[in-house]
S.K.: 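Below you will find the structure I want to go over with you.
None of the values given here were measured: they were computed from a predicted structure. In the text below, chain A, chain B and the rest are named by the order of the sequence lines, each starting its count at 1.
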There are 2 protein chains.
Amino acid sequence: MSVQQTGSGPKASAAAPITARRAATRQRLLTAAAAVIAERGANGASVEAICEEAGFTRGAFYSNFSTKEDLLYALMQDKHQFLLDGIRRILDETAHAPVPAGADVIDDLVDKVLAANPVDRQARLMETEIGLYMVRNPEQAPVLQQVMQPFHDELARLVMEGLARAGRRLTVSTEDALTLLIAGYETGTTHLWFGPHPGEQSELDACRRALTLIIKSMSEPV
Amino acid sequence: MSVQQTGSGPKASAAAPITARRAATRQRLLTAAAAVIAERGANGASVEAICEEAGFTRGAFYSNFSTKEDLLYALMQDKHQFLLDGIRRILDETAHAPVPAGADVIDDLVDKVLAANPVDRQARLMETEIGLYMVRNPEQAPVLQQVMQPFHDELARLVMEGLARAGRRLTVSTEDALTLLIAGYETGTTHLWFGPHPGEQSELDACRRALTLIIKSMSEPV
DNA sequence: TGTATTCGATACAGTAATGTATCGAACGGG
DNA sequence: CCCGTTCGATACATTACTGTATCGAATACA
């Protein structure tokens with residue numbers, strides 16, 4: 001995952017020279033936070049517990065993040081970056097490659113994107129937790145907006161590009177399209193709350209099918 | 001809502017004679033808890049805060065509940081009871097009444113049930129929070145099971161009865177049917193996280209449409 | 001290798017929440 | 001109206017977490 005980035009939040013403190021050691025510490029803290037948050041919730045995850053999970057003391061934490069919220073935003077950005085990078089890469093790789101015989105372009109792209117973004121119980125729980133945490137602290141709505149806006153914009157751009165690749169165009173507003181996509185993703189993955197299941201593979205298939213269905217029903221051939 | 005019940009959890013301590021005063025206190029605590037949990041999350045909702053919201057001190061709390069979990073289970077049961085009672089009542093009332101001219105039986109029932117169960121931001125946030133809280137404490141899975149099983153059973157029974165009323169029968173397993181219904185409900189309501197919206201009414205309509213669609217697609221005329 | 005600086009550990013004070021033990025007031029039965 | 005019981009308030013000890021200030025070790029750079 002590892003997004004190297006100076007500022008931990010939207011506040012982009014561009015001046016800090018980052019050593020490799022610091023970057024590694026930061027990353028270990030982020031990874032640990034994801035685990036602890038999934039397990040205990042964003043509220044229940046104390047800075048203490050996150051540091052323990054990462055094998056540090058709180059000194060390391062406060063040296064890298066100003067507050068827990070700061071870390072949450074960093075986590076979101078990390079995930080967003082990873083997702084966007086994955087989609088971009090897939091679009092690049094398939095730019096001039098022919099679609100596998102007999103396969104639909106959309107199906108193919110959805111498959112690849114989902115494969116590149118492993119969705120597991122921990123990831124899903126963490127996403128929900130962070131979402132709730134944000135929703136619950138509306139005083140930070142502007143900051144959240146600053147984090148989400150670029151993500152939404154870029155995601156929209158990539159979706160459009162994917163559609164163009166498939167020779168399609170949206171029949172609904174871009175905004176609605178994103179809402180639908182995200183809802184589809186969440187619906188298809190929330191069952192993961194309840195842990196790994198015998199039929200898990202097929203349930204991720206359900207997510208895949210839901211997404212392709214949504215994409216096709218909100219667009220039309222050019 | 002008010003479900004009067006001796007035990008606060010599945011542990012059914014049948015021996016306590018409940019005074020009206022006690023029942024009222026208990027109810028006020030439950031109502032306050034719903035509000036505080038929606039606002040702060042299940043973890044963030046301290047016993048202290050719940051009591052303050054209810055206008056009591058913690059003395060009242062510990063006199064009525066042994067622990068916060070105890071209260072959470074009571075809250076779930078309360079909601080379940082309310083939902084089931086509502087459905088039962090609607091089925092009873094419409095038992096021999098003719099369906100309004102031009103209306104579908106299923107549409108009619110779904111409308112009535114949703115109308116009887118106001119779904120608002122607070123309710124939805126609280127449901128999510130409690131769900132997460134439960135999921136996160138798997139050591140209590142058996143207790144949760146004890147609470148959920150009767151609810152699922154009775155809900156399934158009522159759904160079957162409603163279907164029979166409409167001259168339909170399930171084409172999927174009962175278990176799958178419940179999963180689909182609950183997923184539909186959650187999908188249709190999770191947007192409420194983000195607060196009241198201009199289009200809120202129409203979005204509850206979306207929930208209604210989703211539910212009728214799901215019901216019809218998982219059953220067939222007899 | 002020597003040295004300046006960065007980074008993370010440690011110690012400390014302050015705050016919030018928990019659960020228990022006890023007390024006094026409201027309430028119901030007679 | 002009175003008395004015994006119930007119920008909720010208060011006070012206390014304890015625990016967990018936070019944030020800051022300081023110190024020592026690891027690291028980069030010459």
S.K.: Is B:R58 side chain donor-acceptor paired with the D:dG8 base, going by distance under 3.5 Å alone?
M.R.: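 No pair found.
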
S.K.: Once you round it to whole Å, what is the distance between P of C:dA9 and CG of A:N64?
M.R.: 10 Å

S.K.: Under the salt bridge (charged side-chain N to carboxylate O under 4.0 Å, His left out) criterion, do A:D153 and A:R157 qualify, and how do the steps go?
M.R.: CA-CA 6 Å; A:D153 289 350; A:R157 203 184 63 74; over 6 Å; no

S.K.: Grab the CZ-P distance between A:F65 and C:dC7 for me, whole Å please.
M.R.: 13 Å

S.K.: Checking A:Q149 against A:Q145: is there a side-chain donor and acceptor pair closer than 3.5 Å?
M.R.: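 A donor-acceptor contact under 3.5 Å links the two side chains.
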
S.K.: Roughly how far apart are B:I90 CD1 and B:D111 CG, rounded to 0.5 Å?
M.R.: 10.0 Å

S.K.: Figure out the CZ/C1' separation between A:R22 and D:dA25, and round it to whole Å.
M.R.: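 From A:R22 CZ to D:dA25 C1': 16 Å.
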
S.K.: Within the structure shown, what part of the strands sits under 4.0 Å from A:F56 by heavy-atom distance: base, sugar-phosphate, or nothing?
M.R.: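 The residue A:F56 makes sugar-phosphate contact but no base contact.
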
S.K.: To the nearest Å, give me how far apart CZ (A:R28) and P (C:dG8) are.
M.R.: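 About 9 Å, once rounded to whole Å.
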
S.K.: Within the structure shown, what part of the strands sits under 4.0 Å from B:S46 by heavy-atom distance: base, sugar-phosphate, or nothing?
M.R.: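 Result for B:S46 = sugar-phosphate.
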
S.K.: Mind calculating the distance between CZ (A:R26) and P (C:dG8) to the nearest angstrom?
M.R.: 11 Å

S.K.: Tell me the interatomic distance from A:N43, atom CG, to D:dT18, atom P, rounded to whole angstroms.
M.R.: 11 Å

S.K.: The side chain of A:E48 lies closest to which of these nucleotides: D:dG8, D:dA9, D:dT18?
M.R.: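 Closest nucleotide to the A:E48 side chain: D:dT18.
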
S.K.: Can you tell whether the side chains of B:D85 and B:R88 come within less than 4.0 Å, N to carboxylate O?
M.R.: yes

S.K.: Could you tell me the separation between the CZ atom of B:R21 and the P atom of C:dA25, rounded to a whole number of Å?
M.R.: 13 Å

S.K.: Round to the nearest Å and state the distance from A:K68 atom NZ to D:dT18 atom P.
M.R.: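 Rounded to the whole Å, the gap is 6 Å.
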
S.K.: From the list D:dC12, D:dT20, C:dA17, which nucleotide is the closest neighbour of the side chain of B:R40?
M.R.: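 Looking only at side-chain atoms, B:R40 lies closest to C:dA17.
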
